There are 2 protein chains.
Amino acid sequence: MELPERLRTEGYRLTLQRQLVLQAVTELGHATPDDVFGWVRDRAEKVNLSTVYRALELLEHLGLVTHTHLGHGAPTYHPANVPEHVHLVCRDCGGVSEVEPAAVASMVETLEAQRGFRADVAHLTVFGSCAECTDAGR
Amino acid sequence: MELPERLRTEGYRLTLQRQLVLQAVTELGHATPDDVFGWVRDRAEKVNLSTVYRALELLEHLGLVTHTHLGHGAPTYHPANVPEHVHLVCRDCGGVSEVEPAAVASMVETLEAQRGFRADVAHLTVFGSCAECTDAGR
DNA sequence: GTTGGTGCAAAATGTTTGCACGGGG
DNA sequence: CCCCGTGCAAACATTTTGCACCAAC
């Protein structure tokens, strides 16, 4: 846990809520703000949803968590220390899976070479149809 | 305009609102539901925002428009008859640009081969940092 | 004439903000 | 002791829904 140091070096305070939010993101893996809220709440700790939002924003600023949009309006947060991965979201069954960045490396290189655009792989989500749903469709 | 036929073949009715919404999406290129609402409203036609949402949903179902998420919660709609393209969104300046599907073809093939996952390229948005912002950062 | 579509208003989501109190440093 | 962070309530933004009326077919 590197939370205390990261907070201190930027002049922020260490609070129970911030620790719990980071812990929730770490344990849940793919968590929406509401998931995090529920996780902390279930542990009988009193927190407010707005505090969760503020904590997530701060943790992201500190580089301890990242977020991605897995569709509609629900952002999901990941611990940043987890290996980077790309999300695949199936439009038919709603399933979410992950692939290593290597699978999209050539795309990233192409964008960088052609446009000078540096893709943020950790934030990348690809929508489509998974193998099961594609098979079922025929 | 193939709206009338598409509607009829599935038993839907042709209304002025649906025509205007499709026209708005076509002319605007990258439009949020609210953009569409404004466009129609500016032409002195009375429409309700909820009608716009319902029309967009129907048009998407008919395959006449598609939508993508260009960040946060704002979905943007495109006419489906426009050539497929991938969106690049710069996290720093907020700029949106487009690239041909060829740039991501290898990624799509890899996903299909490794996972049997069929990527929906038209819906793909890559977040990152554009050339200008990357340069400015150093 | 039927029935689906629209307008309107209210509800449901999801996120942000102002403010006073309490705890961290 | 100072002042940042939290809880709380209200404000916001966006999308959805129920219902009565009107228009497309």
Side-chain angles (χ1 to χ4, degrees), chain A residues 1 3-25 30-41 43-62 64-65 67-77 94, chain B residues 1 3-25 30-41 43-62 64-65 67-77 94:
Chain A
M1 169 84 60
L3 220 209
E5 307 87 66
R6 297 307 316 278
L7 286 172
R8 244 173 261 131
T9 61
E10 294 211 36
Y12 296 106
R13 294 182 180 173
L14 176 62
T15 66
L16 178 57
Q17 289 86 338
R18 287 170 178 173
Q19 298 179 65
L20 288 169
V21 167
L22 178 56
Q23 204 177 327
V25 171
H30 288 122
T32 62
D34 207 64
D35 290 336
V36 171
F37 178 62
W39 189 93
V40 178
R41 213 149 204 5
R43 281 172 182 49
E45 299 297 342
K46 67 161 205 289
V47 241
N48 192 278
L49 227 201
S50 54
T51 299
V52 171
Y53 276 100
R54 289 187 276 225
L56 286 172
E57 182 181 20
L58 177 61
L59 293 173
E60 186 157 33
H61 169 71
L62 295 177
L64 295 173
V65 305
H67 82 277
T68 309
H69 295 280
L70 262 37
H72 42 282
T76 62
Y77 288 79
Chain B
M1 168 83 63
L3 219 208
E5 308 86 68
R6 297 306 317 278
L7 287 171
R8 244 172 261 132
T9 60
E10 294 211 36
Y12 295 107
R13 293 181 183 173
L14 175 62
T15 67
L16 177 58
Q17 289 85 339
R18 286 170 179 173
Q19 297 180 64
L20 289 168
V21 168
L22 177 56
Q23 202 177 329
V25 171
H30 289 122
T32 63
D34 206 63
D35 290 336
V36 171
F37 177 61
W39 188 95
V40 178
R41 217 153 200 1
R43 280 173 182 50
E45 298 298 342
K46 65 162 208 286
V47 240
N48 191 278
L49 229 201
S50 54
T51 299
V52 171
Y53 277 100
R54 290 187 276 224
L56 286 171
E57 182 181 20
L58 177 60
L59 292 173
E60 187 157 32
H61 170 70
L62 294 177
L64 294 173
V65 306
H67 83 276
T68 310
H69 296 280
L70 261 39
H72 42 283
T76 61
Y77 287 79

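Keep in mind it's a predicted model, so treat the numbers as computed, not measured. Letters A, B, ... are given to chains in the order of the sequence lines, protein chains preceding strands, and every chain is numbered from 1.
One axis for each end of the helix from dG1(C)-dC25(D) to dG25(C)-dC1(D), each built from five base pairs, and the angle between them comes to 30° at 10° resolution.
Residue Gln17(A) places at least one side-chain N or O under 4.0 Å from the OP1 or OP2 atom of dG7(D).
Residues satisfying the side-chain hydrogen bond (donor to acceptor under 3.5 Å, both in side chains) test with Asn48(A), not counting sequence neighbours, are Ser50(A). Scored by the side-chain hydrogen bond (donor to acceptor under 3.5 Å, both in side chains) test, Thr32(A) finds Asp35(A) as partners (sequence neighbours excluded). With sequence neighbours excluded, the residues forming a side-chain hydrogen bond (donor to acceptor under 3.5 Å, both in side chains) with Glu60(A) are His67(A), listed by chain and number.
By the 4.5 Å heavy-atom criterion applied to side chains, Val40(A) and Val52(A) are not counted as neighbours. In this structure, the side chains of Arg54(B) and Thr51(B) come closer than 4.5 Å at one or more pairs of heavy atoms.
If you measure from atom CG of Leu20(B) to atom P of dG5(C), you get 16 Å, rounded to the nearest angstrom. Spacing between atom CG of Asp34(A) and atom P of dA12(C) amounts to 16 Å, rounded to whole angstrom units. Nucleotide dC8(D) holds its P atom 9 Å from the CZ atom of Phe37(A), rounded to whole Å. In this structure, NZ of Lys46(A) is placed 11 Å from P of dT6(D), rounded to the nearest angstrom. A straight line from CG of Leu56(A) to C1' of dG5(D) spans 15 Å, rounded to a whole angstrom. Regarding Leu7(A), its CG atom lies at a distance of 9 Å from the P atom of dG5(D), rounded to whole Å.
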Nucleotide by nucleotide, nucleotides 16-25 of chain D touches protein heavy atoms under 4.0 Å in the pattern (B base, S sugar-phosphate only, - none) BBB----BBS

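Rounding to the nearest 0.5 Å places CG of Leu3(B) at 6.0 Å from CG of Leu59(B).
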Which is it for Leu20(A) and Gln23(A) under the side-chain contact (heavy atoms from CB on, under 4.5 Å) test, yes or no, and what are the steps along the way?
-> CA-CA 5 Å; Leu20(A) 288 169; Gln23(A) 204 177 327; 4.2 Å; yes

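For Asn48(B), taking side-chain heavy atoms from C-beta onward, the closest of the listed nucleotides dG7(C), dT6(C), dG7(D) is dG7(C).
Within 6.0 Å of atom CD in Glu57(A), 12 or fewer heavy atoms from other residues, nucleotides or ligands are found, so the atom counts as exposed in its surroundings.
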Cut-off 3.5 Å, no hydrogens considered: what does the side-chain donor-acceptor table look like for residues 10-17 of chain B, sequence neighbours left out?
residue, atom, partner, partner atom, Å
Glu10(B), OE1, His61(B), NE2, 3.4
Thr15(B), OG1, Arg18(B), N, 3.2

